[in-house]
Structure formats: C-alpha cells, structure tokens
Number of protein chains: 2
Amino acid sequence: MKKKQTVTIYDVAREANVSMATVSRVVNNNHNVKPETESKVLEVVKKLNYRPNDVARGLASKKTTTIGVIIPNVTNSYFASLARGIDDIAEMYNYNIILTNSDGDHKKEMKVLNTLYSKQVDGIIFMGNELLDSVRTELISERIPVVLAGSVDPQKQFASVNIDYQKAVYTQATKLIEQGNRKIAFVTGGLNIPINREYRLKGYLDALATADIEFDDSLVFDVSNINYENGYQLKDKLLSAGATAAIVSNDRAAAGIINSMNDSGIVVPDEFEVTTSDNTELTKMMRPTISTITQPLYDIGAVSMRLLTKMMKNEEVVEKNILLPFGVDYRNSTK
Amino acid sequence: MKKKQTVTIYDVAREANVSMATVSRVVNNNHNVKPETESKVLEVVKKLNYRPNDVARGLASKKTTTIGVIIPNVTNSYFASLARGIDDIAEMYNYNIILTNSDGDHKKEMKVLNTLYSKQVDGIIFMGNELLDSVRTELISERIPVVLAGSVDPQKQFASVNIDYQKAVYTQATKLIEQGNRKIAFVTGGLNIPINREYRLKGYLDALATADIEFDDSLVFDVSNINYENGYQLKDKLLSAGATAAIVSNDRAAAGIINSMNDSGIVVPDEFEVTTSDNTELTKMMRPTISTITQPLYDIGAVSMRLLTKMMKNEEVVEKNILLPFGVDYRNSTK
DNA sequence: TTGAAAGCGCTAACAC
DNA sequence: GTGTTAGCGCTTTCAA
C-alpha cells in the first residue's frame with residue numbers, strides 16, 4: 001500500500017499564481033484577501049483536493065487543536081457519559097480528543113500526561129477520584145489549561161465541573177430519615193478519596209446531625225474497589241450492622257446489594273431501602289428500579305469542554321469551579 | 001498563564017557537545033552511538049528535562065504514532081469495551097488514540113475521517129454497523145491501514161476482527177428449538193445492516209431449516225433504533241405473533257422485553273424465553289439473568305489494534321479477517 | 001560513530 | 001491585499 005502523494009500549500013500557491021501566505025490566509029479564513037483571489041485559490045484547493053496538514057500547522061503555530069482526556073475507564077458508563085459530552089463539544093469547537101484510560105493508577109496518569117505533553121495537546125480534561133501530589137505537580141508543570149470533570153479538588157487549584165455532592169447526599173439521607181430509618185448505611189468506594197470523605201460523607205453526617213441521630217461508624221462501609229460483585233457480597237454485613245437502608249455511591253454496587261437482598265428473600269424496598277448516585281441506565285433497568293441522585297453526566301462533560309475552550313483561547317472565565325444542578329429521583333428501591 | 005519555555009534537541013546537542021543528529025539517535029534508541037556519548041547525552045537530557053516534540057517528529061518522519069478510532073457511541077458499553085481493548089494495546093505499542101463518536105451517521109463519519117486525515121493519523125479503527133459506499137471510498141482514499149472492529153464487511157475489502165455471528169445465532173436458535181419452541185421471534189436492529197441481514201438472520205434461518213421448521217416472517221422484528229425502550233414496547237407484538245421465545249441482538253432491548261414481560265405478569269423463562277448477544281454487564285445484573293452469546297469484546301478491540309500495528313509497520317499479516325471464538329451462556333432467561 | 005544540512009508543510013512577522 | 005522569508009523541532013540522507 002503506497003502512501004498517497006500529498007498536495008501541499010506550495011502546490012496550491014503555484015497553481016493559483018499566488019504566494020503560500022495567500023493560500024494560508026484563504027484556508028484560515030483570514031479576511032484580508034481580495035474576493036477574486038480567494039475564489040481562485042478555493043477553486044485550486046478543490047481541484048487539487050488540498051487538505052491542510054495539521055501536524056505542520058501545529059509545529060508552526062504551536063497549537064494542535066487536540067486535547068488530552070484522562071479517564072479512569074471508558075467501560076464505566078459514568079465516565080463514558082462524561083466523555084461523550086466532552087467529545088461533542090470538542091467537535092463543535094473543532095478540537096479532537098486523545099482518550100487515555102488510567103484506571104486511576106497514578107503511575108499511568110503520570111506516564112500518560114507525559115505522552116500527552118509530547119503530543120503538544122492544547123489542554124487537558126482530567127477525570128479521577130484522587131489527585132496525588134505528584135500528578136498535581138505534573139498537571140501544572142506544562143502550564144496548559146486543565147479542567148477536572150466530575151472530579152473534585154478540595155484545594156480548588158484547578159478549574160472543575162461537578163455537582164454539589166454534599167448537598168445531594170444530604171438530600172437523600174434526609175429523605176430516608178423522614179421515612180423512619182434510623183440506621184442508614186453509608187457505602188462508599190474509599191474514604192481516602194476526597195469526593196467521598198470531603199463531600200459525600202459530610203452530607204451524610206449533616207443529615208444525621210440535623211435529625212439528631214448519633215453517628216455510628218459501624219454503618220460506614222468503605223469498599224475500596226466498589227463494583228457489582230462487592231456490592232453483592234455486602235448484604236450480610238449490612239444486615240448484621242442493623243441497617244434498614246443504604247446510601248450507595250456507585251450504581252453497580254447498589255445493583256449488587258439489591259440483587260443479593262432479593263435473591264435471599266429480603267424485599268427491597270419494604271425491608272431494606274437503597275439509594276445510589278450516578279443515574280446510569282442500569283438504575284432504570286433494575287427491578288426494583290433504583291432511587292438515585294440524577295447527575296447531568298453528559299452536561300458535566302460538555303461544560304468541562306466548553307470551559308476548557310475558553311481557557312485555551314484566553315477568554316475570560318467568570319467562575320472556574322462550576323457546580324451544575326442535580327436532582328434526586330425516588331424510584332422503587334425506596335418507599 | 002505563560003507557556004513554558006521549551007527545551008529543544010538543539011539545546012541538548014549544544015550542552016552535550018554533540019550534533020542534533022546524535023541526540024536524535026540516542027533519543028530514538030538507534031544503536032550506532034558510542035556508549036560514552038550516549039550516556040553523556042542522556043545525562044543532559046535529564047538535566048535539561050528534555051522531552052521530544054512529537055509534532056515536529058511527526059512532520060519530519062511522517063509518522064504520528066496516533067491512530068483514529070471511529071465509534072458510534074462510547075456510551076454504549078459494547079463499543080466502550082472494544083475501545084478499552086484498543087487503548088490498552090495501543091498504549092503497549094506506544095500509540096495514542098483519537099476517539100470520535102459518529103452515531104453511525106455517515107455524514108459525521110465522512111467529516112471525522114477528514115479531520116483524522118488532516119491530523120495525519122497512522123491508521124484507523126472503524127466501528128459501525130454499516131459501511132456506506134461514500135465512507136468506504138473515503139476510507140481507502142488515504143491509503144493508510146484500516147481495521148474494522150466488531151463490524152463486518154461482507155465484501156471483505158478491509159481487515160476486520162469479529163466473531164462468527166451466523167454460527168452464534170444458529171447455536172442459540174437450535175437450543176431454543178430443542179427446548180420445544182417452534183415460534184421463535186428474531187428481534188434485530190435493522191435488516192438493512194449487513195451484520196443482521198447477512199449473518200445473524202442467516203444463522204436463524206439455518207437453525208429453522210435444520211429443524212425443519214417453516215420460516216414465518218411475521219416473527220422477524222426489525223427495530224431500527226434498537227434500545228431498552230423499544231424493547232419494552234415490543235412485548236404485545238411478540239405475544240400476538242404467537243412467539244414463545246425471542247433471539248435479540250441487543251442486550252438493552254432484551255432487558256426491555258424481559259422487564260415488560262415480568263411487569264405484566266408473564267414469567268420469563270417459564271412462559272417466554274429470551275436470549276441476547278452482547279454479554280454486557282447488564283445481562284448478569286438483570287433478574288432473571290439473561291442468556292447470551294459471550295463475545296470477547298475486549299479482545300476484539302485488542303486484536304484489532306494489534307492487527308493495525310502490524311499493518312502500520314508493514315509486517316506480514318497472515319489472516320486479515322479474524323474470527324475470534326465465542327461462547328453461548330445459558331442463564332435464567334431460558335429454561 | 002558522528003556531523004552537516006536539507007527538508008517536512010505550514011504560520012507569522014514584516015515588507016511592499 | 002499580497003509576497004518574502006524565517007523559522008517551528010525534528011528526522012534523515014549523505015559524507016566524513
């Protein structure tokens with residue numbers, strides 16, 4: 001397979017009897033070109049089937065119109081939804097995304113950042129549960145715009161787009177309390193992670209405090225690798241801790257808990273209530289359907305990308321830590 | 001935010017008292033360099049924190065170590081799994097992927113292909129249900145390697161990685177027939193799509209023929225936009241056509257059918273059996289769990305990428321249309 | 001084993 | 001409004 005012979009800006013210039021600079025102006029919609037010249041150039045562009053080489057452009061202009069997206073795992077529909085929002089807006093602004101999976105592994109994050117920098121990306125959207133110091137340092141080292149999407153940074157060092165997780169959990173917990181639950185389990189994927197420790201857990205604690213319920217730390221379940229299987233395994237512990245409801249921070253884990261309850265004859269929601277937080281499609285497909293925080297996942301991605309375009313173009317950014325509105329849907333896993 | 005001052009190969013050369021060519025050789029692991037020279041250069045590289053500029057490299061070498069991945073929708077876990085396999089192998093071979101969503105829209109596919117070509121990608125992995133002629137033409141026009149992942153091309157014009165869909169459906173249908181079903185619905189997302197028309201449907205017909213059951217076309221349900229909701233709506237039609245089982249080509253649609261059956265008191269699998277084909281996580285989370293073809297999704301992506309690396313390096317490719325082994329898992333949506 | 005030098009295809013001053 | 005020209009940072013002959 002022989003590679004196609006490429007048509008360059010020089011070929012167009014020669015054929016149209018103008019200079020390369022003029023062709024460049026036309027191709028880049030620079031208006032300082034006489035209409036007749038422009039149409040002549042355009043004609044030749046079409047005739048020769050000229051397509052600008054973005055790599056050469058990138059080298060000359062130091063802009064690649066490519067951004068890096070670091071995602072723990074595309075296979076996780078929470079992140080996939082964000083990625084979709086990002087890509088759509090990127091396309092709208094003529095950017096492309098280089099997508100890389102990190103598995104939330106800091107070594108991989110470091111490595112990936114380095115290759116993204118080598119590729120001269122114009123900006124970075126970072127998703128991850130945690131921002132290790134080394135990664136943080138690396139992230140600012142190149143001095144290109146960075147936005148955290150659906151990922152919190154308590155230090156607020158970076159621009160970010162999220163919902164108010166603390167308030168969301170507070171709302172869920174309060175509702176469960178109003179329904180008579182006094183022992184509500186809090187199931188989370190690692191309290192070492194800021195989003196869980198600094199926001200979700202606080203929302204839970206706030207609700208308890210408001211209702212004058214004493215905090216019982218045996219009701220906090222810190223499941224480091226939170227997934228369906230681990231959720232499924234959790235049933236006995238939940239029950240023996242005396243919990244009558246659970247606030248879960250991951251849809252698949254919530255599904256696991258519900259299935260394992262039902263599989264052993266415990267009726268959800270009558271005997272045990274469950275709420276979750278991502279509103280992935282799964283929450284509607286499960287029986288019972290799962291009550292959940294409704295996060296605008298696509299929008300979090302979309303807004304992140306929009307914010308990044310502003311930063312890349314040095315436009316004014318009024319608020320760099322954006323909180324999008326959220327909802328709480330009560331479905332059939334709660335009374 | 002001022003952009004960081006960049007260290008170039010020239011800086012390293014000067015500081016190490018060698019030529020740019022030598023630095024280039026060292027950085028690229030070209031072995032024709034005296035060990036002492038090499039270590040001296042490496043030292044300076046480290047000291048100056050030199051990082052090669054891939055854009056400049058790409059311009060000079062005409063290789064970007066970046067490939068384009070065209071995917072209908074990352075949000076669909078079938079494709080997300082493929083994408084994950086692709087990215088992992090890409091990383092292993094030091095490639096990055098530019099990911100773009102096409103929604104299976106041919107206009108978008110054309111547009112995206114053009115921007116990928118502008119970005120000088122070294123290869124393309126294409127996913128999509130259908131290969132329109134215009135897209136086909138565009139796909140070969142640039143003469144760079146292309147692999148279809150989880151996407152068939154009856155004309156076998158492109159390299160591809162798939163499973164034997166015909167045989168898979170044949171296996172499922174035969175099993176349902178053995179269990180006594182005579183009226184088996186075939187639910188598919190568009191017979192205009194080759195994979196459904198040329199492979200899946202044929203597998204279904206083969207099974208009927210083998211069992212000497214006459215084909216009844218009122219049992220074929222052509223749902224163009226196949227998803228959970230449309231599956232859910234299908235129940236009445238399925239029942240009034242007299243079907244006692246359904247072979248569905250999409251997990252979410254199968255979930256919809258099952259939920260709607262159960263929601264209206266029809267017991268799956270006792271009164272109606274369902275099989276599906278993607279083995280996404282959902283099939284295990286549903287109650288009843290769904291019997292399904294088990295496709296090695298991750299591997300399809302991984303093998304596609306591996307194949308592409310071979311093509312990009314002009315290595316010999318023994319078989320360009322790869323069929324990976326599949327299985328059929330019988331779970332609780334069948335007797 | 002090393003260096004010199006010519007590009008790769010484009011943009012961006014700057015000059016006219 | 002248009003052209004000239006000097007790079008952008010690197011790879012790759014070719015020659016030594």
Side-chain angles (χ1 to χ4, degrees), chain A residues 3-42 44-45 48-66 94 115 117-122 142, chain B residues 3-42 44-45 48-66 94 115 117-122 142:
Chain A
K3 198 144 178 226
K4 208 170 114 185
Q5 161 98 45
T6 53
V7 178
T8 73
I9 199 171
Y10 177 77
D11 300 320
V12 177
R14 191 167 26 79
E15 187 82 9
N17 277 312
V18 295
S19 70
M20 288 162 56
T22 299
V23 177
S24 176
R25 288 189 189 101
V26 170
V27 170
N28 292 297
N29 279 311
N30 185 317
H31 286 307
N32 298 38
V33 180
K34 211 192 329 178
E36 304 132 56
T37 317
E38 177 168 0
S39 58
K40 186 174 59 180
V41 170
L42 252 19
V44 176
V45 163
L48 263 43
N49 211 270
Y50 168 70
R51 174 193 292 136
N53 179 328
D54 277 350
V55 173
R57 255 186 185 165
L59 185 58
S61 70
K62 300 185 175 282
K63 299 235 161 299
T64 56
T65 60
T66 301
N94 291 310
T115 88
Y117 291 150
S118 290
K119 294 250 155 108
Q120 314 297 123
V121 294
D122 295 339
E142 201 67 15
Chain B
K3 201 150 178 218
K4 207 170 118 185
Q5 161 99 44
T6 53
V7 178
T8 74
I9 199 171
Y10 177 78
D11 299 322
V12 177
R14 189 165 29 76
E15 187 83 9
N17 276 312
V18 295
S19 70
M20 287 163 56
T22 299
V23 177
S24 177
R25 288 190 188 99
V26 170
V27 169
N28 292 297
N29 279 312
N30 185 318
H31 286 307
N32 299 34
V33 179
K34 214 195 319 179
E36 304 132 57
T37 317
E38 178 169 0
S39 59
K40 186 175 58 180
V41 170
L42 252 20
V44 176
V45 163
L48 263 42
N49 212 269
Y50 169 68
R51 174 194 291 138
N53 178 328
D54 277 350
V55 173
R57 256 185 182 165
L59 185 58
S61 70
K62 300 186 175 284
K63 298 235 160 300
T64 55
T65 61
T66 301
N94 291 311
T115 87
Y117 290 150
S118 290
K119 294 249 155 109
Q120 314 297 122
V121 294
D122 295 340
E142 200 69 12

(request) Measure from CZ on B/Arg14 to C1' on C/dG3 and round the result to the nearest Å. (result) 17 Å

(message) If you compare every side-chain N and O of A/Ser61 against the phosphate oxygens of C/dT11 (OP1, OP2), does one of them come in below 4.0 Å?
(response) no

(message) Looking only at the side chain of B/Ser24 (C-beta and beyond, no hydrogens), which of the listed nucleotides D/dT12, D/dG1, C/dC10 gets closest?
(response) D/dT12

(message) If I compare all heavy atoms of B/Val23 with all of B/Val18, which pair ends up nearest, and what's the gap?
(response) CG2-CG2, 3.8 Å

(request) With DNA chain C as reference, determine whether B/Met20 or B/Asn17 sits nearer its 5' end, using the nearest nucleotide of each. (result) B/Asn17

(message) Using the side-chain heavy atoms of B/Lys34, tell me which of these nucleotides is nearest: D/dC10, C/dT11, C/dT2.
(response) C/dT2

(message) Keeping B/Asn28 on the side-chain end and B/Asn30 on the backbone end, is there a donor-acceptor pair under 3.5 Å?
(response) no

(request) Take atom CD of A/Gln120 and atom P of D/dC10, then tell me their distance rounded to the nearest Å. (result) 9 Å

(request) Could you tell me the separation between the CG atom of A/Leu59 and the C1' atom of C/dA12, rounded to a whole number of Å? (result) 13 Å

(request) Give the nucleotide from the list C/dG3, D/dC10, D/dG1 with an atom nearest to the side chain of B/Thr8. (result) D/dC10

(message) Exactly one of B/Ser19, B/Pro52, B/Ser24 should register a side-chain contact (heavy atoms from CB on, under 4.5 Å) with B/Ile9. Which one does?
(response) B/Ser24

(message) Looking only at side-chain N and O atoms, does A/Lys119 offer a donor or acceptor that is under 3.5 Å from a partner on B/Thr65?
(response) yes

(message) Within the 4.5 Å heavy-atom criterion, are A/Val7 and A/Asn49 side-chain neighbours or not?
(response) no

(request) Output the single nucleotide from D/dT11, D/dT4, D/dG9 whose closest atom is nearest the side chain of A/Ala21. (result) D/dT4

(message) What contact category does A/Asn32 fall into here, base, sugar-phosphate, or nothing, at under 4.0 angstrom with non-hydrogen atoms?
(response) base

(message) Any side-chain N or O of B/Lys62 below 4.0 angstrom from OP1/OP2 of D/dC10?
(response) no

(message) Under 4.0 Å, heavy atoms only, any strand: does A/Asp54 hit a base, just the sugar-phosphate, or nothing?
(response) nothing

(request) Taking atom types as modelled, find out whether A/Ser118 and A/Thr115 have a side-chain donor-acceptor pair closer than 3.5 angstrom. (result) no

(request) When you get a sec, tell me which of C/dC10, C/dC8, C/dA13 is the closest nucleotide to the side chain of A/Arg25? (result) C/dA13

(request) Would you mind classifying the nucleic acid contact of B/Val18 as base, sugar-phosphate or nothing, using non-hydrogen atoms under 4.0 angstrom? (result) sugar-phosphate

(message) Distance check needed: C/dT1 P versus B/Asn30 CG, whole Å only.
(response) 10 Å

(message) Measuring to OP1 and OP2 of C/dT2, would you say a side-chain N or O of B/Thr37 lies under 4.0 angstrom away?
(response) yes

(message) How many whole angstroms separate atom NZ of B/Lys119 from atom C1' of C/dG9?
(response) 16 Å

(request) Would you tell me if any nitrogen or oxygen in the side chain of B/Tyr50 comes within less than 4.0 Å of OP1 or OP2 on D/dC10? (result) yes

(message) By nearest heavy atom, map B/Ala56 and B/Val33 onto DNA chain C; which one lands nearer the 5' end?
(response) B/Val33

(request) Would you tell me if any nitrogen or oxygen in the side chain of A/Ser19 comes within less than 4.0 Å of OP1 or OP2 on D/dT4? (result) no

(request) Find the distance B/Asn28:CG to C/dT2:P and express it as a whole number of Å. (result) 15 Å

(request) Find the distance B/Arg57:CZ to D/dT12:P and express it as a whole number of Å. (result) 10 Å

(request) Nearest whole angstrom, please: distance from the C1' of C/dC8 to the CG of A/Asp11. (result) 13 Å

